[in-house]
Amino acid sequence: MEPTSLSGLPSGVGEALEAEGVAELYPPQAEAVEAGLLEGENLVAAVPTASGKTLIAELAMLSAIERGGTALYIVPLRALASEKRAEFERFEEFGVTVGVSTGNYESDGEWLATRDVIVATSEKVDSLIRNGAPWIDDLSCVVSDEIHLVNDRSRGPTLEVTLAKLRRINEGLQTVALSATVGNAREIADWLDAALVDSDWRPIDLRVGVHANGAIDFDDGSRTDVPVGDPPTDDQTAALVDDALDTVEDGRGGSSLVFVNSRRNAESAARNLARVTRRHLEEAEREELDALAEEIRSGSETDTGESLAEVIEAGAAFHHAGLTSDQRALVEDAFRDRLIKCICATPTLAAGVNTPARRVIVRDWRRYDGEFGGMKPLDALEVHQMCGRAGRPGLDPYGEAVLLANDAEQSEELFDRYVWADAEPVRSKLAAEPALRTHVLATIATGFASTREGLFEFLANTLYAEQADDDRHLRSVTDGVVEYLVANEFLERERDGGREALAATSIGHTVSRLYLDPMSAAELIDGLRAAGGGGSAASDGTDTLDADGVRYAPSEDPDEQADGFVTYGRVDGDGKGGDGERSDDGAAAAAAGDAGIDLTPLGLYHLVSRTPDMYELYLKSGDEERYTQTYYEREAELLGAAPSEHEEVRFEDWLASLKTARLLEDWATEVDEDRIAERYQVGPGDVRGKVDAAEWLLRAAETLAREIDLPEAAVTSIRDARKRVEYGVREELLELAGVREVGRKRARRLYEAGIASRDDLREADKATVLGALRGRERTAETILENAGREDPSMDDVRPDASAAAAATAGAGTEEDEDGQSNLGDFR
DNA sequence: GTCAGGATGATCTAGACAGCATGTC
DNA sequence: CTAGATCATCCTGAC
């Protein structure tokens, strides 16, 4: 089937595809077309990675657009959204417009409505539905990429529910779902009332094998010797990477992708393999790599950045979530450009953007899992996804995926478990409390259901219902969740004649729209109420707003306390307990004495850190004592009642949150990034992640504080705390850091040079500004312009030396808690 | 006295979505 | 409490 013979596409598209090199549709693509893809039929395509799934999606969307409709493309990761946008934009010459909507990158809402194709993450789509984005109603085609992720415990249910909602809103909606090859594609197709294309076909051959005893046994029966024992390739991985580099096509050796099970392993393996890749570099490559390393170093002065730079110089790299998104993108691009010869990665890369390699090496096939209680073998699906990264279209005659085994016995096990095995079936994870908590609330708040029965009727459209023998379990979890939501006043029961109806309260609507886990919202509300809505921190002493003794204790309705599950996270008592005394029974004494607890940044950071929407920091050895100590010292700042120290698990969580809060506080007091990374033993990417999450949650907290009528001073405290994490500065720099192009470092330099505000920037002596900015004229001009200065030009201005000196001295203004380790600190 | 190298014990463990306001493909 | 790799530390034995 040739692309030009397809009907129903915008004119010229067929020819354009042909020009791209699509002479003939791949068999699965042709099968999809025969199943009515171009006529709006539903379709599930379960095919291997890189076998033309994207074209299937494109054909569906283009034909929908040709019929006058619009399409939505749902991706699992933000990084994939931009990748897909770039891909789809090649159809702009046919008048097809593309827009993206994700959490951190949003095209204007109205503008989006004019796009033909919108790319969004599943959470964003869910959020858009909750917030009533009008264009959702007008969609004619939805494509869901990587739909096997409904199997994911934490994020799968959202995709499942979102698809159910989209299909409910618009009965005629064409649904196209793309999946990896899974055990039960038929079931997914049945759920979506779709035709099924289930195929193992690939455009590039993939050979999968197991390496043991110096040779790879491939699934096609062939065997390749790759001896081990010749330093510096004296381990399996190194030997295989070396071997791949020896197979030269068009002048360059084959690249490898190594999957390992921890960040530490990724970094140490990269160091090890750098010795191998280094020997395969040419002079020109060496220079380019040096430039890349330099870019990494200038981007983030952390240990992680430094060790990444070091291995990059040798043509290797590691890749995991501790890297910033910049660092990751840089590594991915350089690998695609064939400059980096080998990446050692955690599973970030298996599900992420497209980074094919000549050879994939699955070094570790077990990973620690706390719930499982030990090292758990990876799912076959996961390993298949990794292996699917082997084979670069147009470069490799075939891809090779190699699993590593210690001996013949293990080799056999790996063949059975992964090489010959089919991927596991996808199972809905919807019937779990955390998932239902948020989706039940949203379902009612957005009017998809208004009674208990209505809820079940809606949930019958999910994959869970398709798979479950009966819905008793789902019903019982749902009932429990409804109780929880009612007890926390997110939902209320109404008598409507004889029937009992469910409706979202005003707060419930807010929580749904904020996209918060209701449990996070409950935690935030309880914490804020327990604080008594005191004025802002000692900064200005205006505590007048709570002078009337207003205390925001929770309601004392005894019914609410009947069930531990229902009242989880609520604060008992009347808020008149002793002065911040710790309560040993978990009740009472939440609020402090007469002055009320101020909302300090640390208190707020701790509050947001203990919500389920914040990923927990791990307590390492020694942390338990360290943060117990911190807890005693700063107990008065923390909001709400601490769990008793005897409740070990909950108390540990409390300390872990305190650790996160301290990290955020460090960030908000201008502690250097590398210092933070070292102190908490995290990567720069983790710091950014924590800061982003805190920013988001504090914004939500601000809205909730208004909703529950806390005094304006409390709202202001929250906003200031939020801005301080957002910019990473102390209070006095908030205004400066709000100026575009002024970050935490420049703000501090300007401040030390005597410039403290936007007005100062407009009025200040230019020589001072230039001096503070270390003589960078372009930067200084841009900043002055952004601050609204009439005459930003720096022509003929010479930097003021004393300002430069002050700025430099001020750059080290961080608190030092290590004390003796820093004798040079004269402050 | 020193140092290589083995035995023992301690330590640690993947990932990443959302809001909102601006400026950017 | 579960597992396994890695790393720090201590110990041994050879010189």
Side-chain angles (χ1 to χ4, degrees), chain A residues 74-83 85-86 88-89 92 98-109 111 119-128 130-131 149 152-159 162 259-269 319-323 325 328 345-352 363-378 382 406 438 442 510-517 520 611 613-615 618-623 681 683 685-686 688-690 692-693 695-703 719 722 726 738 740-741 786:
Chain A
I74 303 178
V75 291
L77 296 169
R78 292 195 293 227
L80 287 173
S82 32
E83 187 181 89
R85 194 236 352 250
F88 298 157
E89 274 177 347
E92 280 191 336
V98 187
V100 175
S101 179
T102 64
N104 63 350
Y105 180 93
E106 164 120 57
S107 316
D108 175 68
W111 182 78
V119 185
T121 54
S122 41
E123 284 80 6
K124 186 64 187 191
V125 177
D126 188 17
S127 169
L128 289 164
R130 294 183 188 197
N131 288 288
L149 291 174
D152 185 279
R153 198 166 293 284
S154 67
R155 295 180 56 207
T158 300
L159 178 55
T162 300
F259 285 104
V260 299
N261 65 2
S262 76
R263 295 180 181 187
R264 200 171 54 173
N265 285 343
E267 297 190 20
S268 73
H319 189 286
H320 58 63
L323 302 184
S325 48
R328 280 197 241 180
T346 54
T348 15
L349 216 56
R363 197 194 78 173
D364 300 335
W365 55 281
R366 279 184 287 225
R367 187 167 51 222
Y368 179 82
D369 180 333
E371 279 173 50
F372 179 77
M375 303 301 282
K376 185 181 181 183
L378 300 181
E382 220 171 333
N406 296 325
T438 184
T510 303
V511 171
S512 167
R513 280 196 300 264
L514 286 172
Y515 211 78
L516 277 181
D517 180 336
S520 295
T611 64
D613 277 312
M614 180 79 89
Y615 202 70
Y618 198 82
L619 280 185
K620 308 209 175 198
S621 89
D623 280 355
Q681 293 181 36
D686 300 286
R688 290 306 320 174
K690 286 281 170 289
D692 280 353
E695 196 188 321
W696 169 57
L697 285 164
L698 284 168
R699 204 178 279 271
E702 198 180 318
T703 307
R719 185 165 51 237
R722 188 204 82 219
E726 183 178 350
R740 268 203 311 281
E741 294 288 311
N786 290 342

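Chain letters run A, B, ... following the sequence lines, proteins first and then strands; every chain starts at 1.
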Looking at every strand, decide which applies to [X] at a 4.0 Å heavy-atom threshold: base, sugar-phosphate, or nothing.
| X | value |
| --- | --- |
| A:R85 | base |
| A:R328 | sugar-phosphate |
| A:D686 | nothing |
| A:K376 | nothing |
| A:D364 | nothing |
| A:N265 | sugar-phosphate |
| A:G689 | nothing |
| A:L77 | sugar-phosphate |

Residue list, salt bridge (Lys or Arg N to Asp or Glu O under 4.0 Å) with [X], at least two apart or on another chain:
| X | answer |
| --- | --- |
| A:E83 | none |
| A:R363 | none |
| A:R264 | none |
| A:E382 | A:R367 |

Symbol by symbol from the 5' end, with Watson-Crick or G-U pairs under 3.5 Å, [ ] crossing and | another strand, DNA chain B is |||||||||||||............
Quick test: give all pairs of protein nitrogen or oxygen and nucleotides 1-3 of chain C nitrogen or oxygen below 3.5 Å, distance rounded to 0.1 Å.
from, atom 1, to, atom 2, distance (Å)
C:dT2, O2, A:G373, O, 3.3
C:dA3, O4', A:M375, N, 3.1

* Asked: How would you list, by chain and number, every residue that makes a ring-ring contact (aromatic ring centres under 6.0 Å, His included) with A:H319, sequence neighbours excluded?
  ->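 ring-ring contact (aromatic ring centres under 6.0 Å, His included) list for A:H319, sorted by chain: empty.
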[X]: side chain to side chain donor-acceptor pair (under 3.5 Å) partners, not counting sequence neighbours:
| X | value |
| --- | --- |
| A:T121 | none |
| A:D364 | none |
| A:E123 | A:R155 |
| A:T158 | A:H439 |

Separation of atom [atom1] in [X] from atom [atom2] in [N], rounded to whole Å:
| X | N | atom1 | atom2 | result |
| --- | --- | --- | --- | --- |
| A:R153 | B:dA16 | CZ | P | 18 Å |
| A:L349 | B:dA14 | CG | C1' | 13 Å |
| A:E702 | B:dA21 | CD | P | 11 Å |
| A:L516 | B:dC20 | CG | P | 11 Å |
| A:E267 | C:dA5 | CD | P | 19 Å |
| A:N131 | B:dA21 | CG | P | 12 Å |
| A:D517 | B:dA16 | CG | C1' | 15 Å |
| A:M614 | B:dA18 | CE | C1' | 13 Å |

Counting heavy atoms from C-beta on, name the nucleotide in [options] closest to the side chain of [X].
| X | options | value |
| --- | --- | --- |
| A:D613 | B:dC17, B:dC12, B:dA18 | B:dA18 |
| A:T348 | B:dA14, B:dC12, B:dG15 | B:dG15 |
| A:R363 | B:dA18, B:dT11, C:dT6 | C:dT6 |
| A:R264 | B:dA14, B:dA18, C:dC7 | C:dC7 |
| A:R155 | B:dC12, B:dC17, B:dA14 | B:dC17 |
| A:T121 | B:dA18, B:dG15, B:dC25 | B:dA18 |

Short side-chain N/O contact to [N] OP1/OP2 from [X], under 4.0 Å:
| X | N | result |
| --- | --- | --- |
| A:R263 | B:dG15 | yes |
| A:T346 | B:dG15 | yes |
| A:T102 | B:dC17 | no |
| A:S82 | B:dC25 | no |

So which atom in [X] and which in [Y] form the shortest heavy-atom distance, rounded to 0.1 Å?
| X | Y | value |
| --- | --- | --- |
| A:D613 | A:S520 | OD2-OG, 2.8 Å |
| A:W111 | A:V98 | CH2-O, 4.1 Å |
| A:L149 | A:P76 | CD1-CB, 3.4 Å |

Taking the [atom1] atom in each of [N] and [M], what is the distance between them to the nearest angstrom?
| N | M | atom1 | answer |
| --- | --- | --- | --- |
| C:dA3 | B:dC17 | C1' | 30 Å |
| C:dC1 | B:dA18 | C1' | 36 Å |
| B:dA16 | C:dA5 | C1' | 26 Å |

Quick one: the side chain of A:R78 and the base of B:dC17, do they pair up donor-acceptor inside 3.5 Å?
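Such a pair does not exist between side chain and base.
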**Report entry** A:D126 with A:R130: basic N within carboxylate O range, under 4.0 Å
**Finding:**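 Looking at A:D126 and A:R130, the cut-off is met.
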Upstream residue (5' side of DNA chain B) when A:Q681 and A:A693 are each assigned their closest nucleotide: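 Counting from the 5' end, the first nearest nucleotide belongs to A:Q681.
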Starting at the 5' end of DNA chain B and moving along, which residue's nearest nucleotide shows up first, A:W696 or A:E89?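 Whichever sits nearer the 5' end wins; that is A:W696.
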Under 3.5 Å, which N/O atoms of the protein pair with N/O atoms of nucleotides 7-9 of chain B?
none

Contact between A:H320 and A:E267 at the side-chain level, heavy atoms closer than 4.5 Å - yes or no?
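Yes, their side chains come closer than 4.5 Å.
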